[in-house]
> 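What follows is a single structure, and I will ask about it in a moment.
If you read the sequence from its start, that first residue is 1, and numbering goes on from there.
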Amino acid sequence: MTEIFKGIPEIKYEGADSKNPLAFKFYDKDRVVLGKTMREHLPFAMAWWHNLCAEGADMFGRGTANKSFGKKVGTMEHAKAKVDAGFEFMKKLGIEYFCWHDVDLVPEADDIKETGKRLDEISDYILEKMKGTGIKCLWGTANMFGNPRFMNGAGSTNSADVYCFAAAQVKKALDITVKLGGRGYVFWGGREGYETLLNTDVKFEQENVARLMRMAVDYGRSIGFKGDFYIEPKPKEPMKHQYDFDAATAIGFLRYYGLDKDFKMNIEANHATLAGHTFEHDLRISAMNGMLGSIDANQGDFLLGWDTDEFPYDVYTATKAMLEILKAGGLPGGFNFDAKNRRPSYTEEDMFLGYILGMDTFALGLLNAAKIIEDGRLDAFVKERYSSFDGAIGKKITSGKATLAELAAYAEKMGKPELPGSGKQEYLEQLINQILFK
């Protein structure tokens with residue numbers, strides 16, 4: 001097999017003092033942290049769409065990167081070249097998983113049956129590449145937002161014909177996910193939402209989205225899919241208001257429609273910030289509801305109001321995210337780099353540098369989060385902050401045995417309560433800095 005990324009060696013761990021840009025400074029896959037190796041804590045995945053397809057185009061200009069890999073774009077030869085490039089890329093970086101949309105893998109034909117044949121052909125080719133490499137499929141999904149037919153959504157469309165087409169795409173994407181041994185299947189409602197309420201029946205649309213998801217679960221289980229289904233929340237863009245606004249909204253939707261036993265959250269950092277939350281907020285909400293599934297690892301730019309999908313470099317955010325993940329017991333899914341190089345970073349070397357940055361950032365986050373847990377002061381402070389509920393009246397409240405009248409009588413006897421204990425936010429922020437930089 002001809003080497004595609006010539007001059008790019010296998011990326012190895014060289015430590016924080018290394019000056020080699022093509023080396024890990026913090027990601028040491030065999031280093032044990034809290035009883036598990038970094039590799040076990042951080043199951044990284046390559047996003048097929050950004051890494052092998054995206055050329056850096058935006059609404060103001062054509063792409064700058066060449067992702068042809070020596071073949072004519074839009075052909076099955078090119079689709080296979082992307083497979084070759086992707087597996088060489090993952091092997092050189094030590095990445096063990098990949099994620100994909102159906103139309104990332106093959107050029108979409110006008111006839112859905114032809115697209116299905118192409119997916120069968122390329123998935124056979126991928127299976128051959130998977131043999132003996134240890135590289136696996138993390139999750140698959142169907143692109144139900146890019147084609148003009150989905151201008152009004154897929155599950156939320158006003159067209160029954162488009163709805164059936166979406167169902168066909170989901171069915172085939174599930175077939176390929178099972179064929180490739182995928183651990184999950186994602187619904188990202190890229191256009192499941194509305195531009196104006198003037199022409200929208202929200203209740204009808206949400207019910208139809210739920211029906212499509214329920215059919216997907218039933219079909220997936222019937223063909224042997226044992227993994228989790230995921231919803232990937234996002235509040236806006238491309239639609240003005242999307243139905244899966246944030247983790248809390250998506251979890252409420254799943255519970256209302258009885259889908260919560262099969263679905264978990266695939267949380268993307270940039271989507272959380274677009275919803276006005278921190279990344280760790282949506283992770284906490286998902287975890288406390290037993291629905292933390294997988295992660296799209298990226299970050300946004302607070303100076304820009306759209307989904308920039310940058311490679312993560314903010315170590316504070318990665319640390320807080322890893323703190324939530326460790327306390328939740330880890331992920332059943334993984335860390336998919338739904339991230340792309342900046343438009344001026346257009347070389348093949350830049351592709352590797354982006355992943356090195358992201359992997360090192362989360363490795364640092366893991367190390368820092370472990371130090372915070374082992375230090376113990378943060379957890380002890382939080383426990384003490386709620387200690388009044390360990391007392392007699394507090395225990396009665398938390399056990400559910402107290403009545404409103406009983407609590408009112410207690411308050412009247414007490415008179416005036418003292419102020420709650422200080423939250424000491426500044427002390428805790430100082431504490432985090434001390435642990436991270438001592």
> Please check if the side chain of Asn368 supplies one atom and the backbone of Leu364 the other of a donor-acceptor pair under 3.5 Å.
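Answer holds: yes.
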
> Begin with the C-alpha distance, continue with both residues' side-chain angles, and end with the deciding distance and a verdict on side chain to side chain donor-acceptor pair (under 3.5 Å) for Tyr355 and Asn341.
CA-CA 9 Å; Tyr355 273 76; Asn341 292 107; over 6 Å; no

> By the side-chain hydrogen bond (donor to acceptor under 3.5 Å, both in side chains) test, which pairs, at least two apart or in different chains, include something from residues 178-200?
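Of all non-adjacent pairs touching residues 178-200, those that pass side-chain hydrogen bond (donor to acceptor under 3.5 Å, both in side chains) are Tyr97-Arg183, Ser123-Lys179, Asp124-Lys179, Ser156-Glu192.
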
> Mark yes when over 12 heavy atoms from residues, nucleotides or ligands other than Lys67 sit less than 6.0 Å from its NZ; otherwise mark no.
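Check passes, neighbour count above 12.
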
> Would you say that more than 12 heavy atoms from the other residues, nucleotides or ligands in this model lie under 6.0 Å from the NZ of Lys240, or not?
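Open: at most 12 neighbouring heavy atoms sit under 6.0 Å from NZ of Lys240.
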
> Between Asp102 and Ala142, is there a donor-acceptor pair closer than 3.5 Å when you use the side chain of the first and the backbone of the second?
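Between the backbone of Ala142 and the side chain of Asp102 there is no qualifying donor-acceptor contact (under 3.5 Å).
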
> Can you confirm whether or not the ring centre of Tyr230 sits under 6.0 Å from the ring centre of Phe263?
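Judged by ring-centre distance (under 6.0 Å), Tyr230 and Phe263 do not meet the cut-off.
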
> Using the side-chain contact (heavy atoms from CB on, under 4.5 Å) definition, which of the options Leu34, Thr361, Leu326 pairs with Leu366?
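It is Leu326; the other options fail the test.
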
> Is the backbone of Phe60 close enough, under 3.5 Å, to the side chain of Arg62 for a donor and an acceptor to pair up by distance?
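Not confirmed, Arg62 side chain does not pair with Phe60 backbone.
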
> Side chains of Ser345 and Asp350: any donor to acceptor distance under 3.5 Å?
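Judged by distance alone, the side chains do not pair up.
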
> By ring-ring contact (aromatic ring centres under 6.0 Å, His included), which residues pair with His101, not counting sequence neighbours?
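In terms of ring-ring contact (aromatic ring centres under 6.0 Å, His included), with neighbours along the sequence ignored, His101 is linked to Trp49, Phe145.
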
> If only side-chain N and O atoms count, and only distance matters, is there a donor-acceptor pair under 3.5 Å linking Glu14 with Asn20?
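Checked: Asn20/Glu14 side chains pair up, N/O donor to acceptor below 3.5 Å.
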
> Among Phe98, Phe337, Trp139, exactly one meets ring pair (Phe, Tyr, Trp, His ring centres under 6.0 Å) together with Trp48. Which residue is that?
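When Phe98, Phe337, Trp139 are each tested with Trp48, the ring pair (Phe, Tyr, Trp, His ring centres under 6.0 Å) holds only for Phe98.
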
> Using a strict 4.0 Å threshold on nitrogen-to-oxygen distance, state whether Arg284 and Glu324 make a salt bridge.
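Yes.
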
> Indicate the atoms forming the closest heavy-atom contact of Asn266 with Glu232, along with that distance.
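Nearest heavy atoms, Asn266 then Glu232: ND2-OE1, 2.9 Å.
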
> What verdict does the side-chain contact (heavy atoms from CB on, under 4.5 Å) test give for Arg31 and Leu367, after you've listed the backbone C-alpha separation in whole Å, the side-chain angles of each residue and the deciding distance to 0.1 Å?
CA-CA 10 Å; Arg31 179 173 176 177; Leu367 293 171; 3.5 Å; yes

> Does this structure show an ion pair linking Lys234 with Asp307, if we count only N-O contacts that are shorter than 4.0 Å?
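The answer is yes: the pair qualifies as a salt bridge.
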
> Let me have the donor-acceptor pairs involving side chains of residues 427-438, under 3.5 Å, with sequence neighbours excluded, atom names and distances please.
{"from": "Glu429", "atom 1": "OE2", "to": "Gln425", "atom 2": "NE2", "distance (Å)": "3.0"}
{"from": "Asn433", "atom 1": "OD1", "to": "Tyr316", "atom 2": "OH", "distance (Å)": "2.4"}
{"from": "Gln434", "atom 1": "OE1", "to": "Arg377", "atom 2": "NH1", "distance (Å)": "3.3"}
{"from": "Gln434", "atom 1": "OE1", "to": "Arg377", "atom 2": "NH2", "distance (Å)": "3.2"}

> Can you give me the closest heavy-atom contact between Met46 and Phe89, atom names plus distance?
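The answer is SD-CD2, 3.8 Å.
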
> Over all heavy atoms of both residues, which pair between Met144 and Ala154 is shortest? Give the atoms and the distance, please.
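Answer, listing the atom of Met144 first, then Ala154: CB-CB, 3.6 Å.
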
> Could you check whether Arg149 makes a cation-pi contact with Phe165, meaning its NZ or CZ is under 6.0 Å from the centre of the six-membered ring and within 45° of the ring axis?
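Cation-pi check for Arg149 and Phe165: passes.
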
> Quick check: closest heavy atoms across Pro43 and Gly333, and the distance to 0.1 Å?
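Shortest heavy-atom contact: CG-O, 3.6 Å.
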
> Answer yes or no: are there more than 12 heavy-atom neighbours, outside Leu404 itself, under 6.0 Å from its atom CG?
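Not buried by this count: 12 neighbours or fewer within 6.0 Å.
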
> Salt bridge or not between Asp104 and Lys82? Use side-chain N to carboxylate O under 4.0 Å.
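No, this pair does not count.
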
> Quick one: does Arg214's side chain have a donor or acceptor within less than 3.5 Å of a partner on Val209's backbone?
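No: the side chain of Arg214 does not pair with the backbone of Val209.
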
> Using every non-hydrogen atom in the two residues, find where His277 and Asp282 come nearest and quote the distance to one decimal.
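Distance-wise, the nearest heavy atoms are CD2-OD1, 3.6 Å.
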
> If every non-hydrogen atom of Asp260 is compared with every non-hydrogen atom of Met291, which pair is closest and at what distance?
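Smallest heavy-atom distance, with atoms named: CB-CE, 3.2 Å.
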
> Centroid-to-centroid, Phe5 to Phe352, below 6.0 Å?
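Centroid distance Phe5-Phe352: below 6.0 Å, so yes.
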
> Any donor and acceptor pair, going by atom type alone, linking the side chain of Lys29 with main-chain N or O of Glu40 inside 3.5 Å?
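Side chain of Lys29 to backbone of Glu40, a donor-acceptor pair under 3.5 Å: no, none is there.
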
> Taking side chain as C-beta onward, heavy atoms only, is Arg39 less than 4.5 Å from Tyr27?
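Contact flag for Arg39/Tyr27 side chains = yes.
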
> For Glu406, is there an ion pair with Lys396 - N to carboxylate O distance below 4.0 angstrom?
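Looking at Glu406 together with Lys396, the answer is yes, because their closest N to O distance falls below 4.0 Å.
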
> Looking at Lys327, I want to see if its NZ is surrounded by more than 12 non-hydrogen atoms of other residues, nucleotides or ligands under 6.0 Å.
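Atom NZ in Lys327 is packed in, count exceeds 12.
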
> For Arg343, is the CZ atom crowded, meaning more than 12 foreign heavy atoms sit under 6.0 Å from it?
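Buried by this count: over 12 neighbours within 6.0 Å.
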
> In terms of side-chain heavy atoms, does Asn298 have a donor or acceptor partner in Asp338 at a distance below 3.5 Å?
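Absent: no donor and acceptor within the cut-off.
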
> For atom NZ of Lys371, is the number of surrounding heavy atoms from other residues, nucleotides or ligands below 6.0 Å larger than 12?
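For Lys371, atom NZ is crowded (more than 12 foreign heavy atoms under 6.0 Å).
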
